[in-house]
Amino acid sequence: MTMDKTGFLGEQVQDLRDGGLYNTIRHIDGPQGSWLVVDGKKVLNFCSNNYLGLANHPRLVEAAKSALDRYGIGPGAVRTIAGTMTLHDELEAKLTAFKGVEEAISLQSGYVANTGVIPALVDQDDVIITDALNHASIIDGVRLAKAGRKIYAHADVFDLRVKLAEARAEGARNILVITDGVFSMDGDIAPLDHIADAAGEFEAMVMVDDAHGEGVLGRGGRGIVDHFGLHGRVEVEVGTMSKAFGVVGGYVAGPQALIDWLRQRARPFLFSSAVTPPDAAACIASVEILEESSELVDRLWANSRLFKAMMSSVGFDIGHSETPITPVMLGDEKVAQEFSRRLFDEEAVFAQAIAYPTVQLGIPRIRVMISAAHTEDDLAYGAAAFTKVGKDLGVI
Ligand SMILES: *Cc1c(COP(=O)(O)O)cnc(C)c1O
């Protein structure tokens, strides 16, 4: 018998299965939409971040096709070496105007944007102060930075002020406060206005990750800074093109000096190739759709209100979301998995259980992602399915 050096990993996977923490990845055959073919079965889609239904929008598909014809498929190399395609410049100009900032830089994903901007912005003489529930990509960006770090209690501006005062007392040169805009597991909105006030008092920079806010909050989906009217008071806005915008990619938006610096020093910009031409073209089309009309954003909110009202009225605990993210709180990891399995097998509803380590142990949930693509009939069908399974499992 050969020595099995990776056997411990098999045991770790088995532990996940035993603990109800094993994540089963489903297979999707066909485009995104309110209904999907998953593992060969047609199901109602409550899983994707395709908030506005743009992931299979004909205008995006058309833009990607014509970019393929004009620019081909690959970007060649990193932009600093192979040159930047006009499509990437155009996308950055579109994002700059849409976000109402001085400049924007396009990166490969939201994850990459966070891991690129944070280490580029702070050094060993600086301190990062970060919300306890920030997204994993922020945590990883913070880990890559040489700065000191402090964690403040979730959305707690009082605790943030304590940490700001500590950092100043310790002689920090620059301070960077980082928060998610919308917290993706609970759907609550960061108190960014109060955060900006507190940061202002201590001359700290503010960075917000708007991944679940853009296309959702603010005028026509312009995001959390617009929602609170904080233009010019939040130094760094990170975003993704993979959620409401329906494609893939990330960006950082902010003052000219910040973006100039990132073009020189953000490692993912220097050492990783850009999104492909069809991706960039589709992203441009999606920003244009949002610029033209708030129709999709309005429909998203109407759908969310309707679904939440249906779920509350039958007795589900749907947490304290302020956005279309609808967490159905279940309290037990195994119940959450069983609930999700029954929804899929018996009711043809695709809604994944989310448990540790994505959320803390003991507070698993099924997270329902509402989209402008859903019809009222879809939402009624989904709520009825939840009600049936919820009663069977004694949850409601
Ligand atoms: C989804 C998400 C990201 C990652 O975005 P990608 O473009 O998919 O890499 C980053 N931050 C937050 C808060 C997110 O929700």
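Note that ligands are numbered from 1 as they come in the structure, with each ligand's atoms numbered from 1 the same way.
By the 6.0 Å and 45° rule, R233 does not stack over the aromatic ring of F228.
Residues A196 and V206 share a closest heavy-atom pair of CA-CG2, 4.3 Å.
Taking every heavy atom of D180 and a limit of under 4.0 angstrom, the matching atoms of ligand 1 come to 13 (C). Short contacts between ligand 1 and H212, defined as distances under 4.0 Å to a heavy atom of the residue, involve ligand atoms 15 (O). The ligand atoms of ligand 1 that sit less than 4.0 angstrom from a heavy atom of A211 are 2 (C), 11 (N), 12 (C), 13 (C), 14 (C), 15 (O). Proximity to D209 (heavy-atom distance under 4.0 Å) selects the following atoms of ligand 1: 10 (C), 11 (N), 12 (C), 13 (C). Distances below 4.0 Å separate heavy atoms of T240 from the following atoms of ligand 1: 5 (O), 6 (P), 7 (O). Interface of Y111 with ligand 1, defined as ligand atoms under 4.0 Å from a residue heavy atom, comprises 4 (C), 5 (O), 6 (P), 9 (O).
Not counting sequence neighbours, the partners of K150 by the side-chain hydrogen bond (donor to acceptor under 3.5 Å, both in side chains) test are E166, E170.
Proximity of N45 to S34: side-chain heavy atoms (C-beta onward) are nowhere separated by under 4.5 Å.
Between E201 and R161 there is a salt bridge, with a side-chain nitrogen of the basic residue lying less than 4.0 Å from a carboxylate oxygen of the acidic one. Residues D186 and R365 are paired through a salt bridge, judged by an N-O separation under 4.0 Å between the basic side chain and the carboxylate. The pair R341-E338 counts as a salt bridge, with a side-chain nitrogen and a carboxylate oxygen less than 4.0 angstrom apart.
At least one heavy atom of K243 sits closer than 4.0 Å to an atom of ligand 1. Proximity of S137 to ligand 1 is established by a heavy-atom distance of less than 4.0 Å. Distances from ligand 1 to the non-hydrogen atoms of G249 include at least one value under 4.0 Å.
Heavy atoms from both the backbone and the side chain of S109 come within less than 4.0 Å of ligand 1.
Atom 6 (P) of ligand 1 has as its closest protein heavy atom G110 N, 3.4 Å. In terms of protein heavy-atom proximity, atom 8 (O) of ligand 1 is closest to S242 OG, 3.2 Å.
Residue contacts with ligand 1: S184 is placed with no nitrogen or oxygen under 3.5 Å of a nitrogen or oxygen of the ligand (distance criterion only). Residue V112 has no nitrogen or oxygen atom sitting less than 3.5 Å from a nitrogen or oxygen atom of ligand 1, judged on distance alone.
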Would you sort out whether R79 and S106 count as a side chain to side chain contact (heavy atoms under 4.5 Å, CB included), showing the intermediate values? CA-CA 11 Å; R79 293 163 68 187; S106 151; 4.1 Å; yes

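The structure places CD1 of I363 at 13.0 Å from CG of D332, a figure rounded to the nearest 0.5 Å.
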